[in-house]
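So the structure is just underneath, and the comments pick up after that.
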Amino acid sequence: MITTITLNPAIDRTIVVDECTLGKVHRIKSSREDIGGKGINVAKVINLLKGDTTAIGFLGYENKNKIEAFLHQEKIQADFIHIHDRTRVNTKVVDLKHRTTTEFNESGFRIHKDHIEQIKQKVVDYAKSSDYMIFSGSMPEGCPMGLYKELIALVKGDTRVVLDADGALLREGVKASPFLIKPNIHELQNTFGIKVESIRDIVKGALDIVTTFRIQWVLVSMGKDGSILVSRNKILLAKPIKVDVKSSVGAGDSMLGGFIYSYSREEDPMKALKDGTVCGTLAVTKEGTQLFNLEQVKAMQSKVIINDVSQHYLHD
Ligand SMILES: Nc1ncnc2c1ncn2[C@@H]1O[C@H](COP(=O)(O)OP(=O)(O)OP(=O)(O)O)[C@@H](O)[C@H]1O
Ligand SMILES: O=P(O)(O)OC[C@@]1(O)O[C@H](CO)[C@@H](O)[C@@H]1O
């Protein structure tokens, strides 16, 4: 089973406008709401691919019905700890003219000491039946910056751990040596101060992380430029696929879901990167964080090109 942990879930409200200008009144062309939060998005994709997954974490009690109804409708197994507050609403503004998405993410509910003890216990319990545990996203107020590090250290002996976070959460989290991390290039630059001007810079920076923190895989996503998968002795480059972009929100989560689902079945990094690329690419063709379907996944497979560039970067 693959367990995803979302400590700060969200309802994603996507608003589409012709053009977004600071200080101006905007007429909304269309809007939609999706259930979000990085770990929940990852679980949605694994579930779509027919993988065995459970989503755990915290959920606000006040608007829990919306989220639980969706999870139920999609038949996603979930086991959240309820907080007596509301789950945040994150607003994503799509600007049609400039083809950009601007995100306004709330900080989320406030967590107390006893909630932290509860989540530690739940994570430890789930680790026993999980092949992989994926920790994704920001933390709500009240969580210590080292919480991912602590949780990873608690379960590492029982399961393979994946971390998708940024800033101090990632900087601390890597110290517990997760199996895989998935920074995008901005997170790589801002969190570790790595230069990201060329593929060579990115590979070098990712290799430093692999050796310094004893991490097996660093999956660097580069948005419209594709991605790079780096380990001590293998480097794979996924070429981007040209698509009509509707919203980039959740592309990284979909990529991670596709990658880990595939890797958990075959342990073939080339195939996993291919499947991850398919899911990440399809995600950007959808408005908001709505899901694609299995037919689209199959149709996209033949378009992905993965190059093994290990010789080029490891032996010079
Ligand atoms: N504009 C795009 N065109 C084609 N593919 C894209 C585009 N944006 C993203 N992708 C695909 O999705 C993958 C993940 O995207 P990205 O690097 O934006 O993740 P991210 O920054 O973690 O996203 P998020 O935080 O919004 O979930 C990319 O590696 C690429 O395969
Ligand atoms: O505020 P965080 O936790 O960093 O990110 C939350 C979020 O932007 O991430 C998902 C897309 O990756 C969205 O569903 C959600 O709104």
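Source: prediction; values computed, not measured. Order of appearance sets the numbers: ligands from 1, and atoms from 1 within every ligand.
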Write out the residue and atom name of the closest protein heavy atom to [atom], then the distance separating them to 0.1 Å.
atom                    : answer
atom 4 (C) of ligand 1  : Ile241 O, 3.3 Å
atom 2 (C) of ligand 1  : Lys224 CA, 3.6 Å
atom 23 (O) of ligand 1 : Gly252 N, 3.2 Å
atom 25 (O) of ligand 1 : Lys38 NZ, 3.5 Å
atom 18 (O) of ligand 1 : Gly223 CA, 3.6 Å
atom 15 (O) of ligand 1 : Ala251 CB, 3.5 Å
atom 21 (O) of ligand 1 : Asn184 ND2, 2.8 Å

Can you find an N or O of [X] that's nearer than 3.5 Å to an N or O of ligand 1?
X      : answer
Lys182 : yes
Val245 : no
Glu103 : no
Gly226 : yes
Gly250 : yes
Val249 : no

Modelled atom types, side-chain donor and acceptor of [X] and [Y], under 3.5 Å:
X      : Y      : result
Lys38  : Asn8   : no
Ser107 : Glu141 : yes
Ser136 : Asp164 : no
Asn41  : Lys44  : yes

Review point. What's the shortest heavy-atom distance between Leu169 and Ser138, and which atoms?
Key: CD1-CA, 4.0 Å

Review point. Which pair of non-hydrogen atoms, one from Ala55 and one from Ala43, has the smallest distance, and what is that distance?
Key: CB-CB, 4.2 Å

Point to revise | Whether Asn190 side chain and Glu187 backbone form a donor-acceptor pair below 3.5 Å | key: no

Review point. So, Asp268 side chain and Met270 main chain: donor-acceptor pair closer than 3.5 Å or not?
Key: yes

Practice item. Take every heavy atom of Pro240, measure it against each atom of ligand 1, and state whether any distance is under 4.0 Å. Key: no

Revision key, fill the gap. Check: of Asp12, Asn8, Asn105, Ile40, min heavy-atom distance to atom 13 (C) of ligand 2 comes from Asp12

Study note, to complete from the structure: Judged by heavy atoms only, the candidate from Arg88, Glu103, Lys44 nearest atom 6 (C) of ligand 2 is Arg88

Give the numbers and elements of all ligand 1 atoms closer than 4.0 Å to a heavy atom of [X].
X      : value
Gly280 : 11 (C), 12 (O)
Ser248 : 26 (O)
Met222 : 17 (O), 29 (O)
Ser227 : 29 (O)

Check your understanding: Under 4.0 Å from ligand 2, counting heavy atoms only, is it the side chain of Asn41, its backbone, both or neither?
Key -> side chain

Practice item. Decide salt bridge (charged side-chain N to carboxylate O under 4.0 Å, His left out) for Asp95 and Arg99; before the verdict, give the C-alpha distance in whole Å, the side-chain angles of both, and the deciding distance to 0.1 Å. Key: CA-CA 5 Å; Asp95 175 324; Arg99 295 175 158 266; over 6 Å; no

Check your understanding: Using 30° and 60° as the class limits, which term best fits the ring planes of Phe259 and Tyr263: parallel, tilted or perpendicular?
Key -> parallel

Check your understanding: Do the rings of Tyr61 and His84 sit parallel, tilted or perpendicular, given the 30° and 60° boundaries?
Key -> tilted

Check your understanding: Does Gly250 come within less than 4.0 angstrom of ligand 2, counting non-hydrogen atoms of the residue?
Key -> yes

Review point. Does ligand 2 have any atom that is closer than 4.0 Å to a heavy atom of Lys92?
Key: yes

Practice item. Sort out for me which residue in Gln290, Arg13, Lys66 forms a side chain to side chain donor-acceptor pair (under 3.5 Å) with Glu33. Key: Lys66

Review point. Would the number of heavy atoms belonging to other residues, nucleotides or ligands and lying under 6.0 Å from NZ of Lys246 be above 12?
Key: no

Exercise for review: Report, as yes or no, whether the 6.0 Å neighbourhood of atom NE2 on His26 holds more than 12 heavy atoms from other residues, nucleotides or ligands.
Suggested key: yes

**Study point:** Residue portion contacting ligand 1 (non-hydrogen atoms closer than 4.0 Å) for Met255
**Key:** side chain

Exercise for review: Specify side chain, backbone, both or neither for His186, according to which of its non-hydrogen atoms lie closer than 4.0 Å to ligand 1.
Suggested key: neither

Check your understanding: For ligand 2, is there an N or O atom under 3.5 Å from any N or O atom of Ala10?
Key -> no

